[in-house]
Amino acid sequence: MEQQLKQLELEALAKIEAASNLKELNEVRVAYLGKKGPITDLLKGMGKLSPEERPKMGALVNTVREHVTEKLETKVAHLEEQAVLEQLEKEAIDVTLPGRPVRVGNRHPLTRVVEEIEDLFLSMGYEIAEGPEVEKDYYNFEALNLPKGHPARDMQDTFYITEETLLRTHTSPVQARTMIEKKGEPFRIICPGKVFRRDNDDATHSHQFMQVEGLVVGENIRMSDLKGTLDIIAKKMFGADREIRLRPSFFPFTEPSVEMDISCFKCGGSGCNVCKHTGWIEILGAGMVHPNVLEMGGYDPKKYSGFAFGIGAERIAMLKYGVEDIRHFYTNDTRFISQFQRTEG
Ligand code: DAH
């Protein structure tokens, strides 16, 4: 019987050694250690042995069982490790491969113009103000000295929500709102935002566009302050050697009102296609805040004065970047937008 056991052990160990996968190993386990296996059989047959022989044989069977179990476990561990190694090899990543390019977005040209203006005015102590795009007729027109029926309203026809509510036609209503909010205190604000007009879209008109409004209210604010400020805008946006020219104009909310031109940045003033051979380019409207507007905003026009200006962001961007059609800003064609990548500053 001892001989038989030794033989069994050798056989089992050899089969374990030869097994090449977990399934085969399991078959060996069932065959040798299972309930119907030879080792179990031998244990069952112990009863037939003499009482002296029993402990010795019992120990021997157990040793054989331990050896076989141990060998099985070692082999299982080995096969499992091998499987992991194989998988690792199969899924290996080649870190030396070049990466896939990531498409990085860039700021919209209008955003860039607006941010440039904001930065300039923040550096001069202005605050950024905002107002609603859906506005009351009162703030958009009346508080700006454009009472109902005023002929100048015709130039700014818009989209009405109700009789008294509309999509704002300019950022100027923020002037009226800020004056009320500031309760008679002097202030300086810059206000960028979307505005709307009932216009037929073409290369130079859009029913939606962007403006940047500026307003300063305080004591002794003079026309020369406005002129100096406009000069700074012109030089910052279009180059240090730009000159400005103020022409008389009309806006109901300013008196006097002006239109500012800059000397042409392309030809320097001698005349070219950009300035339509005049040497000058019209940039923005401005003026001294009308006493009626100050009064409606809660400021005594005898004590306070102010200046204001309104810049069209598209016009600045079109001039600066040589864009020929205003609609490019709104059609979301990435071929257009991505051209501004390299000049990103
Ligand atoms: N609100 C005017 C417009 O949309 C632009 C403008 C002109 C704004 C003169 C001003 C200003 O603040 O003083 O046409």
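Predicted model only: the values in this text are computed from it and were never measured. In listed order, ligands and their atoms are each counted from 1.
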Self-check item: Full working for salt bridge (Lys or Arg N to Asp or Glu O under 4.0 Å) between Glu9 and Lys6
Solution: CA-CA 5 Å; Glu9 180 178 347; Lys6 270 274 163 255; 3.6 Å; yes
Ligand 1 to Phe251, heavy atom cutoff 4.0 Å, flagged ligand atoms 7 (C), 9 (C)
Honestly, for Arg197 the part within reach of ligand 1 (heavy atoms, under 4.0 Å) is side chain
Candidate pair Phe253 and His170, rule ring-ring contact (aromatic ring centres under 6.0 Å, His included), full reasoning:
CA-CA 12 Å; Phe253 31 91; His170 47 183; 5.6 Å; yes
Note, Phe265 side chain near Met237 side chain (heavy atom, < 4.5 Å):
no
Short version for Ala308: what comes under 4.0 Å of ligand 1, heavy atoms counted, is both
message: Strictly distance-based, threshold 3.5 Å: is any side-chain N or O of Arg168 a donor or acceptor partner for the main-chain N or O of Gly131?
response: yes
Numbered in order shown, the ligand 1 atoms found under 4.0 Å of a heavy atom of Ala286 are 9 (C), 11 (C), 13 (O)
query: Any heavy atom of Gln175 sitting closer than 4.0 Å to ligand 1?
result: yes
Contact region, Phe307 to ligand 1, non-hydrogen atoms below 4.0 Å, reads neither
Atoms of ligand 1 under 4.0 Å from any heavy atom of Gln211, numbered from 1 in the order shown, are 3 (C), 4 (O)
Ligand 1 to Ser172, heavy atom cutoff 4.0 Å, flagged ligand atoms 1 (N), 8 (C)
Joining Ile, Leu, Val, Met, Phe, Trp and Tyr whenever any side-chain heavy atoms lie under 4.5 Å apart, the cluster holding Val84 also takes in Leu88
Point to revise | Ionic contact status for Lys71 with Glu17, cut-off 4.0 Å | key: yes
